[in-house]
Peer 1: 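Structure below; questions to follow.
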Amino acid sequence: AQSVTQPDIHITVSEGASLELRCNYSYGATPYLFWYVQSPGQGLQLLLKYFSGDTLVQGIKGFEAEFKRSQSSFNLRKPSVHWSDAAEYFCAVGATGGFKTIFGAGTRLFVKA
Amino acid sequence: GAGVSQSPSNKVTEKGKDVELRCDPISGHTALYWYRQSLGQGLEFLIYFQGNSAPDKSGLPSDRFSAERTGGSVSTLTIQRTQQEDSAVYLCASRMEGTSAGEQYFGPGTRLTVT
């Protein structure tokens, strides 16, 4: 069965520090992978997506993610975090050719000054 | 507007009452999803509409939940005889035809509180 695991419920980083949010997935074939961000009181916004090709993908707001098939991971990274990045981040896997997307439970990011 | 809109933004209701939640997708988006987001949980898929096809209702948690989409645009999620466990944020998302399942545009959600 398809599943997405985000091992960290919450993470706190200092402003200006680097960030890595972990995501592991279980899927029978090559998945479509996504990261979304949800600011307080808002819906989810797509940060980036991976379909195929280059395993390092760039997204909006300075985020990037790397697909590692051997580790079934799709970790999200940012070199320097800004206070406005404080939000909840969701990793998701989508079936190729299907309509469903499975979301992880989310990681809440706190940014301290 | 250019985005997905949902109304109301907040709804407080008494246990046992019926509620209707509305979603206006992005114009031209043929796919529409409803999700439920409970505190500290991920997104729970509820129902999916695609064009004029029969909706996929496999995520609806009970027969108290139903949804319709009129004219391929606006959708209404109805919860009958609400229970306290129905308290959650209900999110709607739409997607353009031809894009992958994960490329969804989300509305801001309706926060439902059942007292």
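We use all heavy atoms of the structure for the numbers below, so side chains are in, but hydrogens, waters and symmetry mates are not. Each chain gets a letter, A, B and so on, in the order the sequences are listed, and its residues count up from 1. All values reported here derive from a predicted model rather than from experimental measurement.
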Peer 1: Do A/Phe34 and B/Tyr105 share a hydrophobic cluster, counting only Ile, Leu, Val, Met, Phe, Trp and Tyr and linking them when any side-chain heavy atoms are less than 4.5 Å apart?
Peer 2: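 No, A/Phe34 does not connect to B/Tyr105 through the hydrophobic network.
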Peer 1: Check whether any side-chain N or O of A/Tyr36 sits under 3.5 Å from a backbone N or O of B/Gln104 as a donor-acceptor pair, and report yes or no.
Peer 2: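 Side chain of A/Tyr36 to backbone of B/Gln104: a pair is present.
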Peer 1: Side-chain heavy atoms under 4.5 angstrom apart, residues restricted to Ile, Leu, Val, Met, Phe, Trp, Tyr: same cluster for A/Ile9 and A/Phe103?
Peer 2: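 No; A/Phe103 is not reachable from A/Ile9 via cluster members.
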Peer 1: Is chain A contacted by the side chain of B/Leu91, its backbone, both, or neither, given a heavy-atom distance below 4.5 Å?
Peer 2: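 Only the side chain of B/Leu91 comes within 4.5 Å of chain A.
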Peer 1: Might you point out which heavy atoms bring B/Glu103 and A/Phe51 nearest each other, and give the distance in Å?
Peer 2: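 Taking B/Glu103 first and A/Phe51 second, the nearest heavy atoms are OE2-CZ, 3.4 Å.
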Peer 1: In terms of heavy-atom proximity below 4.5 Å to chain A, should B/Arg111 be classed as side chain, backbone, both, or neither?
Peer 2: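 Answer is neither: B/Arg111 stays 4.5 Å or more from chain A.
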Peer 1: Looking at CZ of B/Phe45 and CD1 of A/Ile102, how far apart are the two atoms once the value is rounded to the nearest 0.5 Å?
Peer 2: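 CD1 of A/Ile102 is found 9.0 Å from CZ of B/Phe45.
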Peer 1: In terms of hydrophobic clustering (I, L, V, M, F, W, Y; side-chain heavy atoms under 4.5 Å; direct or indirect links), are B/Phe106 and B/Ile47 co-clustered?
Peer 2: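 Looking at the clustering, B/Ile47 is in a separate group from B/Phe106.
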Peer 1: Is it true that B/Val4 and B/Val89 fall in one hydrophobic cluster, defined by side-chain heavy atoms closer than 4.5 Å?
Peer 2: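 Result: no, two separate clusters.
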Peer 1: Return the OG1 to OH distance between A/Thr101 and B/Tyr33, rounded to the nearest 0.5 Å.
Peer 2: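 The distance works out to 5.5 Å.
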Peer 1: Taking side chain as everything from C-beta outward and backbone as N, CA, C, O, which of these in B/Gln37 sits under 4.5 Å from a heavy atom of chain A? Side chain, backbone, both or neither.
Peer 2: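 For B/Gln37, the contact with chain A is made by the side chain alone.
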Peer 1: Inspect the surroundings of CD in B/Glu85 and state if more than 12 heavy atoms from other residues, nucleotides or ligands are less than 6.0 Å away.
Peer 2: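 Counting neighbours around CD of B/Glu85, more than 12 heavy atoms of other residues, nucleotides or ligands fall under 6.0 Å, so yes.
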Peer 1: Using non-hydrogen atoms and a 4.5 Å limit, figure out which bit of A/Gln38 sits close to chain B: side chain, backbone, both or neither.
Peer 2: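 The answer is the side chain of A/Gln38.
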Peer 1: Can you say whether B/Ser9 sits under 4.5 Å from chain A via the side chain, the backbone, both, or neither, judging by heavy atoms?
Peer 2: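 For B/Ser9, neither part sits under 4.5 Å from chain A.
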Peer 1: Which pairs with one or both residues in residues 43-62 of chain B pass salt bridge (charged side-chain N to carboxylate O under 4.0 Å, His left out), sequence neighbours excluded?
Peer 2: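 Sorted result for residues 43-62 of chain B: B/Arg36-B/Glu44.
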Peer 1: Test of understanding: clusters of I, L, V, M, F, W, Y form through side-chain heavy atoms closer than 4.5 Å, transitively. Do A/Leu47 and A/Ile11 belong to the same one?
Peer 2: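 In one cluster with A/Leu47: A/Ile11, yes.
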